[in-house]
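Everything numeric in this text was worked out from a predicted model, so none of it was measured.
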Amino acid sequence: MDLRRLAHLVLLLLASSSSFITFIGGNVVFPVHHKFKGRERSLSALKAHDVRRHSRILFDVDLELGGNGQPSETGLYFAKIGIGSPAKDYYVQVDTGSDILWVNCVGCSKCPKKSSLGIELTLYNPKSSSTSSLVTCDEAFCTSTYDGQLPGCRPDLLCQYNVVYGDGSSTSGYFVEDNVQLDRVTGNLQTAAGNGSVIFGCGAKQSGELGSSSEALDGILGFGQANSSMISQLASVGKVKKMFAHCLDNTYGGGIFAIGQVVEPKVNTTPLSIKLDLCGKFVVKLSLEQATDDFLSILERAHYNVFLKDIEVGGEVLTLPSDVFENGFRQGTIIDSGTTLAYLPQVVYETLVPKIMALQSGLKLHTVEDQFSCFQYIANVDGGFPTVTFRFEGSLSLTVYPHEYLFQIKDGVWCIGWQNSGTQSKDGSQLTLLGDLVLSNKLVLYDLVEQAIGWTDYNCSSSIKVKDDSGAVYSVGAHNLSSASALIIRRTLTFLLLLIAVLHSFLY
Ligand SMILES: *[C@@H]1O[C@H](CO)[C@@H](O)[C@H](O)[C@H]1NC(C)=O
Ligand SMILES: *[C@@H]1O[C@H](CO)[C@@H](O)[C@H](O)[C@H]1NC(C)=O
Ligand SMILES: *[C@@H]1O[C@H](CO)[C@@H](O)[C@H](O)[C@H]1NC(C)=O
Ligand SMILES: *[C@@H]1O[C@H](CO)[C@@H](O)[C@H](O)[C@H]1NC(C)=O
């Protein structure tokens, strides 16, 4: 049973001067071979670049998804992207709770070699891609990500990063720039290769679950709204709109993930409680010793937070302290696709769970793996337990059905997906974090232009409609990247169909 990756919510970029100069234990000196040594560009070249950029049509992206939100199975969703020239495929976890893309890099220590998810892992090698370049610490990306120059920066030193996730796992390495290939939407359920240059992390050292899990991936694709995320970078050069949507299919696996403006289904939205412009700098320079609770709360604010007003169980509003979801510093409820379950403040948890179990007073709860409350139940859970509805500002609500908030670990044994987040920080604020447990089986839309987020119940095995810059509306369908054997079967099938088609044209 997979109980990991419970809370990928803290992005922590640190740059202590000692780790900066002696990178990962050794005295590794990375040679810098810039394609634009000196990087001076004439004014007319810049202008030509700008003209090109504004005449270019933004494209919509169809990201192929795999995985599922079942804690007893994969517990995460991942997407396939191409990186480098020639492009190779990488499978990365999609995570709206963090702000950079990174992949395991050649020569890394503690990188996973095999994955039980039925995917082939690939190490990225900047040297084998003709379009790669290393990012030095004096470049604009680095100085703006770290809000100033890193201490000890010289033009020949790389821009390094270290991200610590909420489950304690971490990745560190250096930034590189390369061509990322994405499927651009060109027709109904049709795509063609699209690309853009993106700065991402070359992961040299992974720790915790990221280095040791059997359900390993090549990296993580952060969909946060900081300037360092892939979507922000592509939007800033006029490649894509700053809008995306996902529909995570918890029943069959995979689902829909599109970058662009969704026009169908229609989705009601609620404002983000932290506006990008109010937030200022997303990433702060600090050393490990400075990573205090207060600091973590500042970072948490930077993600997709909304105002939760109340919770209904089986149509009845829970009686809760009025300020329980205000969370002071933390500003509201975090929406995070990189977290498997849902975390509620202690008082909410202790009110909600008895209410859910009220109709089933005969059930005996037992604890599994020290953290899950489980019970035996044979009948259909949707008949025996109430639905839970979260109500947000702007009359937006989110309904979670029993088969979504309960997960089955074996025949007849179910566990409660709601988790007690306890008291998280010194200022007494408590964490409300909604992960895949409640985000699955819904179309969830992130509009970073209007600074709003919304959702609606949806069949994630079907398709949605997106509108591109030219006004064309196309459908984007579901994908289910799955086990290698399934892929092989599908390929053989295509081959056979092709063969039949050829024979047909030959015979007639
Ligand atoms: C990237 O896209 C551009 C324009 O669509 C195209 O001309 C170029 O060949 C593509 N590059 C790669 C490496 O696919
Ligand atoms: C998606 O893939 C998983 C894993 O191979 C498989 O169990 C599931 O049935 C697939 N779903 C669909 C809709 O094909
Ligand atoms: C992010 O980029 C925008 C423009 O692309 C810029 O105006 C803004 O200051 C940047 N934000 C930060 C925090 O660096
Ligand atoms: C969801 O959509 C798929 C594909 O269109 C369809 O086969 C399936 O029956 C739908 N499921 C439900 C519950 O409507």
Grab the two heavy atoms, one from Pro345 and one from Asn420, that are nearest each other, plus how far apart they are. C-OD1, 4.2 Å

Nearest 0.5 Å, please: how far is CD1 in Ile259 from NZ in Lys241? 12.0 Å

ring-ring contact (aromatic ring centres under 6.0 Å, His included) filter on Tyr405, not counting sequence neighbours, yields Trp418

Under the side-chain contact (heavy atoms from CB on, under 4.5 Å) test against Leu65, which residue among Asp249, Val94, Leu481 passes? Val94

Taking atom OG of Ser337 and atom CD of Gln93, what is their separation to the nearest 0.5 Å? 7.5 Å

With sequence neighbours left out, the residues meeting side chain to side chain donor-acceptor pair (under 3.5 Å) with Asp457 are Tyr401

Approximate separation, where rounding is to 0.5 Å, of Phe392 CZ and Lys309 NZ: 11.0 Å

With His366 via side chain to side chain donor-acceptor pair (under 3.5 Å) - residues at least two apart: none

Hey, what's the ring geometry for Phe175 with Tyr161, parallel, tilted or perpendicular (30° and 60° as the breaks)? tilted

Sequence neighbours excluded, which residues qualify as side chain to side chain donor-acceptor pair (under 3.5 Å) partners of Thr319? none

Could I get the full list of side chain to side chain donor-acceptor pair (under 3.5 Å) partners for Thr387, not counting sequence neighbours? none

Given ring-ring contact (aromatic ring centres under 6.0 Å, His included), test Phe385 with Phe375 step by step and report yes or no. CA-CA 13 Å; Phe385 296 86; Phe375 55 85; 5.5 Å; yes

Atom pair OH/NE2 of Tyr446 and His246 - distance to nearest 0.5 Å: 3.0 Å

Going by side-chain contact (heavy atoms from CB on, under 4.5 Å), Phe244 matches just one of Thr96, Val262, Leu63. Which one? Thr96

Non-neighbouring partners of Lys355 that pass side chain to side chain contact (heavy atoms under 4.5 Å, CB included), sequence neighbours left out: Val313, Glu316, Leu318

